[in-house]
Asker: 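Here it is, the structure, as structure tokens.
In the text below, chain A, chain B and the rest are named by the order of the sequence lines, each starting its count at 1.
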There are 2 protein chains.
Amino acid sequence: MKRQRREDRRVARTKRQLRDALMELILEKGYDGVTIEDVTERADLGRTTFYLHYKDKEELLISSLEAVFDELAAQIMSMPQEWRLGENDHGPISVVFQHAAENATLYRILLRGQGSVALADRVRDYVTERAQVFFSSLVAELQTTPEIPPSLAANYYAGSLMSMLIWWLENDMPYPTQKIVHHFRALCIGGIASALGLSAAQMKF
Amino acid sequence: MKRQRREDRRVARTKRQLRDALMELILEKGYDGVTIEDVTERADLGRTTFYLHYKDKEELLISSLEAVFDELAAQIMSMPQEWRLGENDHGPISVVFQHAAENATLYRILLRGQGSVALADRVRDYVTERAQVFFSSLVAELQTTPEIPPSLAANYYAGSLMSMLIWWLENDMPYPTQKIVHHFRALCIGGIASALGLSAAQMKF
DNA sequence: TTTTTTTATGAACAGAGTGTTTATATTTTA
DNA sequence: TAAAATATAAACACTCTGTTCATAAAAAAA
């Protein structure tokens, strides 16, 4: 297959400017309050230019967020294998909470902010998918007989995680990352373990 | 204080028409796709009339939903006291799932539908509040020392419930009400009980 | 019933935002 | 340097919003 020619400098620059402008404006006025003209003006570009690259505001948002979440994903993927499923303070859950803390304003608006393209749903779907793969492989590996299908357990897990994350952010992070993660695990581990037919000791995540 | 004069017949009729029209249209096009003109046209009213009663689309939505949720609240409140906190098949959780099943299309759109005024958040806040009152009174009554503040536990509970409710609806209700409620309880009861310092047997809800 | 008040209505208007087209200037790439 | 791709402004048609105003109709009050 033919390799795609490198993106025109101007295109890369324009896209970056639009993304940066959108993120700035979201923090200032919330997603719904931002118009395309706001974005192009802040980015110092003609309004027509916007339509050369994106269909609408939502497409730009998705594109903008990829950058943020790519960073998070990279962080998790670069962890040592034994940490990645471990329950220590550097595990993936901690990393998620830590990332949220570092981008608190943005997370707050995007996860809760009115409208905002139901972004929380997208994130939850992603977490659900990852959890389901993990739970399924755990069940297969340990040959247990789950009382509840892994897909439901994964959904429950993701929903609980998101919910607690939002609570933590909206209450101005009243606990340190380490502690909120501990609380989260305390609340959900047992139920999920027994749902999947695992002993609590087998529940390494 | 003076009693408010009864609402003009026309006003009552107009409001009802607008509410009905909105609900119909939401089911057809989703909340975001509905314009005020759509609503007034369906309701067979002048567009100006809308502004005589509501500030904007959202205000009408809220008003419309009150009817739906009043029905649910009334159902729960009219239960015998011993059922209201009980874990039998007629408990409040079952009623919620049952109500969702009966209004599945509406729930699906409102809880998940893009934008839609972040209605899921409103509902979750309501559930959280109720749960918190209940958990707090439970802790006070049984004199336990919770490891996790009831407000956090309540948030976790509400988030988990909403999450599972949405899953159930989006997967076309693959289990009967009774079974999904059982699964929900299996997943979350243990964690919450120990978080509040209760034995599982003390966890009557 | 008659009078008075309230409500519904359509037309008209101003304004904000969207998305497209076109001709032109500028920058990159080849 | 030539060819191709991109950015731009202006103009335009369109949709939706929210308000005003004069008038007609309906309901409430007398």
Side-chain angles (χ1 to χ4, degrees), chain A residues 2-64 109 113-118, chain B residues 2-64 109 113-118:
Chain A
K2 218 192 294 187
R3 173 177 290 268
Q4 177 108 358
R5 193 172 63 257
R6 199 172 84 260
E7 200 175 41
D8 191 302
R9 279 183 212 150
R10 287 167 296 182
V11 175
R13 185 170 132 278
T14 297
K15 284 186 175 174
R16 180 171 40 72
Q17 285 173 317
L18 288 172
R19 284 196 297 258
D20 291 350
L22 178 66
M23 295 309 253
E24 276 184 39
L25 288 164
I26 285 177
L27 296 181
E28 290 171 21
K29 318 206 275 178
Y31 177 76
D32 284 339
V34 178
T35 83
I36 292 176
E37 184 155 26
D38 287 339
V39 176
T40 52
E41 190 183 347
R42 173 70 57 98
D44 237 311
L45 293 167
R47 192 169 66 87
T48 11
T49 307
F50 176 91
Y51 295 101
L52 254 39
H53 303 285
Y54 301 100
K55 194 174 126 285
D56 54 27
K57 207 171 51 159
E58 175 167 352
E59 199 173 288
L60 174 60
L61 176 67
I62 303 302
S63 154
S64 304
I109 291 174
Q114 30 254 26
S116 92
V117 203
Chain B
K2 218 193 294 184
R3 169 176 292 268
Q4 177 105 1
R5 193 173 64 257
R6 200 174 82 259
E7 198 175 42
D8 192 300
R9 279 183 215 152
R10 287 167 295 180
V11 175
R13 184 169 132 278
T14 297
K15 284 185 175 174
R16 180 172 39 73
Q17 286 173 314
L18 288 174
R19 283 195 296 257
D20 290 350
L22 178 66
M23 295 310 251
E24 278 183 37
L25 288 165
I26 284 177
L27 296 180
E28 291 171 21
K29 316 205 277 177
Y31 177 76
D32 284 338
V34 178
T35 79
I36 291 176
E37 184 155 25
D38 286 339
V39 175
T40 52
E41 189 184 347
R42 174 69 58 97
D44 238 311
L45 294 168
R47 192 168 68 86
T48 6
T49 307
F50 177 91
Y51 295 100
L52 255 40
H53 303 285
Y54 301 101
K55 194 175 124 285
D56 52 28
K57 208 171 51 159
E58 176 166 351
E59 197 172 291
L60 173 60
L61 176 67
I62 303 301
S63 155
S64 303
I109 292 174
Q114 31 253 26
S116 93
V117 203

Asker: Given atom NZ of K29(A) and atom P of dG17(C), what is their separation to the nearest angstrom?
Answerer: 8 Å
Asker: Do K15(B) and Y54(B) come within less than 4.5 Å of each other through their side chains, counting heavy atoms only?
Answerer: yes
Asker: Verify the contact: side-chain N or O of T35(A) to OP1 or OP2 of dA16(C), cut-off strictly under 4.0 Å; return yes or no.
Answerer: no
Asker: Nearest whole angstrom, please: distance from the P of dT18(C) to the OH of Y54(A).
Answerer: 16 Å
Asker: From dA5(D), dA7(D), dG18(D), pick the nucleotide closest to the side chain of D8(A)?
Answerer: dA5(D)
Asker: Are more than 12 heavy atoms, taken from residues, nucleotides or ligands other than E59(A), located less than 6.0 Å from that residue's CD atom?
Answerer: yes
Asker: Please give me the minimum heavy-atom distance between S64(B) and L22(B), naming the atom from each residue.
Answerer: OG-CD2, 3.8 Å
Asker: Is any side-chain N or O of T14(B) closer than 4.0 Å to OP1 or OP2 of dA8(C)?
Answerer: yes
Asker: Counting distance alone, no hydrogens or angles: does the base of dT28(C) have a donor or acceptor under 3.5 Å from a partner atom on the side chain of R10(A)?
Answerer: no
Asker: To the nearest angstrom, how far is K57(A) atom NZ from dG19(C) atom P?
Answerer: 10 Å
Asker: So for T48(B) and dG10(C), does any side-chain atom that can act as donor or acceptor lie under 3.5 Å from a complementary atom in the base?
Answerer: yes
Asker: When you measure only distances, ignoring hydrogens and angles, does the side chain of R47(B) come within 3.5 Å of the base of dT9(C) through a donor and an acceptor?
Answerer: no
Asker: Whole angstrom is fine here: how far is it from CG in D32(A) over to P in dA16(C)?
Answerer: 19 Å
Asker: Between R13(B) and E37(A), which is nearer to the 5' end of DNA chain C once each is assigned its nearest nucleotide?
Answerer: R13(B)
Asker: Can you find a side chain N or O atom of H53(A) that sits less than 4.0 Å from OP1 or OP2 on dA7(D)?
Answerer: yes
Asker: From CD of E7(B) over to P of dA26(D), roughly how many Å is that when rounded to an integer?
Answerer: 19 Å
Asker: Please check if the side chain of Y31(B) supplies one atom and the backbone of E58(B) the other of a donor-acceptor pair under 3.5 Å.
Answerer: yes
Asker: Between P on dT19(D) and CD1 on I36(B), what's the gap in Å once rounded to a whole number?
Answerer: 10 Å
Asker: Touch check for L52(A), heavy atoms < 4.0 angstrom, all strands: base, sugar-phosphate only, or nothing?
Answerer: base
Asker: Whole angstrom is fine here: how far is it from OH in Y51(A) over to P in dG19(C)?
Answerer: 4 Å
Asker: Just checking E28(A): does its CD atom have more than 12 heavy atoms from other residues, nucleotides or ligands closer to it than 6.0 angstrom?
Answerer: yes
Asker: Nearest whole Å is fine: how far is dG17(C) P from D56(A) CG?
Answerer: 16 Å
Asker: Would you say R9(B) places a side-chain N or O within less than 4.0 Å of OP1 or OP2 belonging to dA28(D)?
Answerer: yes
